[in-house]
Amino acid sequence: MKGTKLLKQTGALTHTIALSTQAIRLLEQLQALTGHIPSGYLLPSTKGEGKVMSDGTLNKALRQIIPSDKQDIHGFRGLASTWLNEQHPEYSAVIEKMLSHKG
């Protein structure tokens, strides 16, 4: 489902997710504590402007919480898909769109 480099560079794979009022409020409180994030990312890369966090970085952080090689960050996508589709089968198309790698 990942797009080509050209599609990524042109912004054709931009993926927007609507946030709840509560989530926006929490992010505003976080911004008040941390200041403005110039990159525009909540979890900016330390490798430079415009870079996004890699699976490797997220998996390294996960290992600090769950010291096991039985789960990785990508596995959470499958877990979320299964659970959400069981809870709300009527929204399966929306759930898969929100969890996809493409916009």
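All of these numbers come straight from a predicted model, not from anything done at the bench.
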Within the 4.5 Å heavy-atom criterion, are Y91 and L84 side-chain neighbours or not?
no

Measure the shortest side-chain to side-chain distance between V94 and H88 over non-hydrogen atoms and say whether it is less than 4.5 angstrom.
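Counting from C-beta outward, V94 and H88 never come under 4.5 Å.
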
Nearest 0.5 Å, please: how far is [atom2] in [Y] from [atom1] in [X]?
X	Y	atom1	atom2	answer
L79	L99	CG	CG	10.5 Å
W83	I95	CH2	CD1	9.0 Å
M98	R77	CE	CZ	12.5 Å
N85	E90	CG	CD	9.5 Å

Which heavy atom in L27 sits nearest to a heavy atom in L19, and how many Å separate them?
CD1-CD1, 3.6 Å

